[in-house]
Structures are given as C-alpha cells and as structure tokens.
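Right, one structure below, let's go through it.
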Amino acid sequence: MLENLAHVFQPLATKQFDLLLVIYLVAITTEAMSGALAAGRRNMDIFGVAVIAFVTALGGGTIRDVVLGNFPIGWTQHPEYVYLVILAGLATTLLARFMHHMKSVFLMLDAMGLVAFSLIGCNVALQLDYPVVVIIMAGMLTGICGGILRDVLCNQVPVVFCRELYASVSLFVCMLFLGLKTLGVDSDLNTVVCFVVGFGFRMLALRFGWKLPTFSYQQRWD
Amino acid sequence: MLENLAHVFQPLATKQFDLLLVIYLVAITTEAMSGALAAGRRNMDIFGVAVIAFVTALGGGTIRDVVLGNFPIGWTQHPEYVYLVILAGLATTLLARFMHHMKSVFLMLDAMGLVAFSLIGCNVALQLDYPVVVIIMAGMLTGICGGILRDVLCNQVPVVFCRELYASVSLFVCMLFLGLKTLGVDSDLNTVVCFVVGFGFRMLALRFGWKLPTFSYQQRWD
Amino acid sequence: MLENLAHVFQPLATKQFDLLLVIYLVAITTEAMSGALAAGRRNMDIFGVAVIAFVTALGGGTIRDVVLGNFPIGWTQHPEYVYLVILAGLATTLLARFMHHMKSVFLMLDAMGLVAFSLIGCNVALQLDYPVVVIIMAGMLTGICGGILRDVLCNQVPVVFCRELYASVSLFVCMLFLGLKTLGVDSDLNTVVCFVVGFGFRMLALRFGWKLPTFSYQQRWD
C-alpha cells in the first residue's frame, strides 16, 4: 500500500514521501472519525455514518481531481483507502464514548492532516502544469472540501467558514511551499519546513483562539 | 429510444436488457415524481419543481459518471430522458392531490428503480475496469445520490441516512451481482436473480420497518 | 485579459465578443458581491466570504464544464478571474454599508450577468456538439448554479426556486438564441437581440413581480 501513492509524489524523494503517505493515512482516518461524529450528532444510521466518514475523508481529494480534470480520481485506484475510512467511521460508533478524552490528540492529528492534504493537493496540480493560483486552490480544496461536504450533508453552515484559522493555514502552507520551491529549496526540505510551520501555525491558532475578522451583514433588501 | 441505452448493457443479452431499460424508464419517472413532491413541500415554483425532478432522477447517474470520469455523461446523449423527467415532474403538480392513494404503488416502483439503478451503475463501472469496491460504489452512487441531492437542495438531512433499509439494499444487490458474476452465472439469470431478491428485500424492509442501528452522539467538544 | 476568452466565443465576431466579455467580467464581479453579502448574513469570516464569492461567481461555469466534460475548466486557465472575484468579495465587506442605496444598479448588473452567462453557456455546449436540450441546459446551468451553490453553502433553500422569474429568463434567452441561430440570423445580431430581449424581460419581471405559479404540497405520507 505504501508504494501505491508513489506517482502522486514524484517530486519528493522516497523517504520524505513515505512519511507524507503515513501522515496522509493518519489524516484520512482522523477525518473519517470526525465525519462519523458529525453523523452521530444527526442520529444517522450506520450507513449514513459510513457515507459521511467517506465523504469527509476522501471528498476533498475527489473535488480537487474533478476540478482539475485529473481522472481517474485518486481513491478509485486505491480501494484500501475506501476500506480504511469506512472502517474508521464504523469503529468510531463503538469508540465515541471515550473520544472526548482524546480531544487534543484528535485536533493534533487533524492539523497534521490539514497540512498533508494541502501539500498533496499542490503537488497534484503542479504536475498537471496549472497556473499558480490553481495550484494553491488545489491544495486548499483538498484540505477543506471534505469538511464542507460533511457539513452540507449534515445540514449546517460549514464550520470552516466561521471558526479558528483553518483554511488560512492551508492557504499559508500552499503559498510557503510554492515560494520555497521558486527559491530552489530542495523538495524534501521544503516539505519538512512547510509541515512544521503549518502544523505549528494551526496549533497556535487553536491554543490562542486566533480567528479571522468576521463580516456581519443583516440588512435584507426585500 | 429503447435501443439507445444499448451500449450501457453490452454484457446483458437483448431481451433482459430491454426489460431493464423499461424498468429504468419507470424508475427515473418515479424518482422525478418524488422530487417534485419534495419541491412542493418547500413551496417551490414550477421551475424549482422541474429542477428538483431532474436532479432526483438523473443526478445519481451524473455523479457516478463524473466520479468515474465517464464522459459524455449519460443523459447528455439521451435528450428524451431529460424531457421525460421534466414532464413527469410537472405532471406531478397536477396529479399530486391523488397521489397519496397510490403510496404503495409508488414505493414499489421506487424499489424497482433502486435495484435497476444499482445494477446499471455496477455495469457502467465494470466496463471501465475499475476495482471491485469502486464497482459497488458506482452502483450505490447511482441508486442513492439523486435522493441525496434532492434533500440537500430542499435543505434537509438526506433521508437515506436515517430511514428504512435503502442504501443497504443497493449495497446488497451490487455485492450479489458481483458475487454471482464471479461464480460464472449467466448475465441474464444474474440480473433476474438480483432484481427479484433486491426488490423482495426492500419490500420486506418497508413492510416490517427494518432499519440499521442508529448512532447518536450528542456531546459537543467546544 | 480581453483576448483570453476568445476561444469561448469563436462563433461571435470580435466586436460583439469584446462587449460580451466586458459584460461577463461585470457579471462575475456582481455575482461575487452578492455571494459576499450572503456570507455576511451568516456572519462568516473573511475566508468564508472569499469562498462564497468565488463559488457564486464561478461555480455555475464550473458545474457546466464538469457536466459537459469540458476540461480544463474555464477559470483554471484564467487566474485573473479568480483574483477579480475574490477581490470583489473582500471589497464588499468594506462597501456593504453603502450598498443598499445601489440596489437597483445591482439588480440591473445581475440581470445583465444572467443573460451573458446564459449565452456563454450555450456557446460552450454548441462547440462541443451536444444535442439541443443539453445546449439549453448548459446555458441555464451557467446562469443559475452559482446562486444555487451559494444558497446551499449558506444552508438555505435556493432562492432561484421561489422568486421572481430568473431561471425562466435564462431558459427563454437560450431558446431564443438557438431559435434565431436556426433561422440563420447572424451571430452578432443574435447576441444583441437576445441580450436586449432577455435583459428587458428580467427587468419587467422584477418591476411587476412576475412569478411562476407555485406548487405547494404539505401532505406527508408517513
């Protein structure tokens, strides 16, 4: 399984790459669990749990691939990812009662996943020769669309539009990655730097409750 | 019109095939009507009714084709399907007052459609040489995504995540179909068996109120 | 930038074409601003504002291109459009307090955009040799899907399904355009006629509150 994702990461050296893949697998597992908990808040049945887990974990990459016209879509070539996220979702229904004790672990894993998703998304668009702004958007789409789909299917306004810095971390990571790449920084080093800085940024945002300014507009025109 | 869908069903013999196509046409008509009723519950105008009817009937196949990278998308090559589902949606606004008398007919047609959609979805992915789990998901996407889109556009949590066995029937049909195919069962026979068993399964689930266990998780972490 | 969209409009002569492009740019700016205001009504942060602005302005064309299998998707080849709509969205957060004074200007720009989107969508599908009904739907998808995505992400029933004639104007423009084209009317003239008639139709619908009949169905079956 570890070798399978290789084509996604051609620019990265093998060692780096395995690390990013491990983090990717941890990330989709974490996202699947967060999806399952959201489904539980809506009292869904276990099928709904499996769907929301799948969509939260792999929906971001799906939307990225569709928008980039990058067929076949990633997970269709990696059945093991599908099994992993569905199992993680279903396991969550059994483990949920213990989970709030692990909130901080969960948020750490989620932060790691956010950065990994962003870097992977950038790399996919880079290899397809898209313009810079599309590369950055591909990174962000991968990082945040899973959560947006989860919230739409659970009939609520996506939390990514209102909470602590999250998408901003993704944007920052993508820009840092492209910036360092333009400066000629080695891919391995670039990945490590982006990962450490992005992860630290997100943890600080959570710790200190950093948020973007909010725009409130209550006037109705009709 | 009956010949047009032929390329979707190459593995099936002609007779079987016509039957499945007839059931498919009945199914998209039924789905269009269910979409129109959902639009009526939200007091939409007749344009909204037409859109929701279209999306409910043909949205599942659209998402399947996009996810599989199967372009051009099915209905774009079959204008007659588009006319059919829009007409069915609009006719529903006239017939709605009589419809609750036909609830059981409606549920039967819907069950037939669920099985037909699932088998068609599996066949499309089979011909594109996708892995087993993707074939099964293609069947389920075709069967349930129309209803999910309908519910998202009507601003409610998709009923498929909370009600009597529905997606599970689709999953079961897809697995049975692939299982029998692996055992070398003739395509015609396979289709008939899956159809009868899947239809019976769904009707029993409705009759006895079979549901999947529900996952409730009310704890908020923040 | 003005030359960039040229390939979208091959059937149109250069002069016409520049005009339609200018209107297109005004239209995506207007749509981005309407998206930003909707985000403000949900108290989103400025990232949410940027996303909703982007999706409202460019989401319709994205869905059209995905449904038609028309890759690469338009805006991925025009980074300047992405910058434009995001800037328009962010600027709206500063200008919002003055905007209700400009309601009628806003509605006029929006009406122009609706017609421009519809004509552009038709032209894209025309060049890909799709059947008539798909060409009309491509025009309508371009015209209305941005607003539908905006409303889904803001967790409300899409207004396009319940308000004054809007999608109907798009439908009418697409049919008029194809009808005149079939009659052999020159492309330039056709575009101008469709634009004037469609714009007038929408403004009259707003002025006199023309609506489609509504379908209300409150009966629940369960």
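The sequence lines fix the lettering, A, B, ..., with proteins before strands; numbering per chain opens at 1. Keep in mind it's a predicted model, so treat the numbers as computed, not measured.
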List the atom of [X], the atom of [Y], and the distance in Å for their closest heavy-atom pair.
X        : Y        : value
C:Phe215 : B:Thr92  : CZ-O, 4.2 Å
B:Phe71  : C:Gly69  : CD2-CA, 3.5 Å
C:Tyr130 : B:Gln77  : CE2-NE2, 3.6 Å
B:Asn155 : C:Gln156 : ND2-CA, 3.7 Å
B:Gly48  : C:Phe161 : CA-CD2, 3.7 Å

Under 4.5 Å from any heavy atom of chain B - which part of C:Val67: both
Interface residues of residues 134-149 of chain C facing chain B - heavy atom cut-off under 4.5 Å: C:Val134, C:Met137, C:Met140, C:Ile144, C:Ile148
Separation between OG1 of B:Thr76 and CG of C:Leu68, rounded to the nearest 0.5 Å: 7.5 Å
Nearest-0.5 Å distance that lies between atom CE in B:Met44 and atom OH in C:Tyr217: 16.0 Å
Best-contacting candidate, B:Leu153, B:Val49, B:Thr62, B:Val82, against chain C by heavy atom pairs under 4.5 angstrom: B:Leu153
Top contributor to chain C interface from B:Ile52, B:Thr93, B:Ile73 [non-hydrogen pairs under 4.5 Å]: B:Thr93
Centroid separation B:Phe47 to C:Tyr166 less than 6.0 Å: no
Whether over 12 other heavy atoms sit under 6.0 Å from B:Met203 CE: yes
Non-hydrogen side-chain atoms of C:Val157 and B:Cys154 separated by less than 4.5 Å: no
Residues B:Asn43 and C:Ser216: side-chain donor-acceptor under 3.5 angstrom: yes
Greatest number of heavy atom pairs closer than 4.5 Å to chain B - which of C:Val152, C:Leu212, C:Val66: C:Leu212
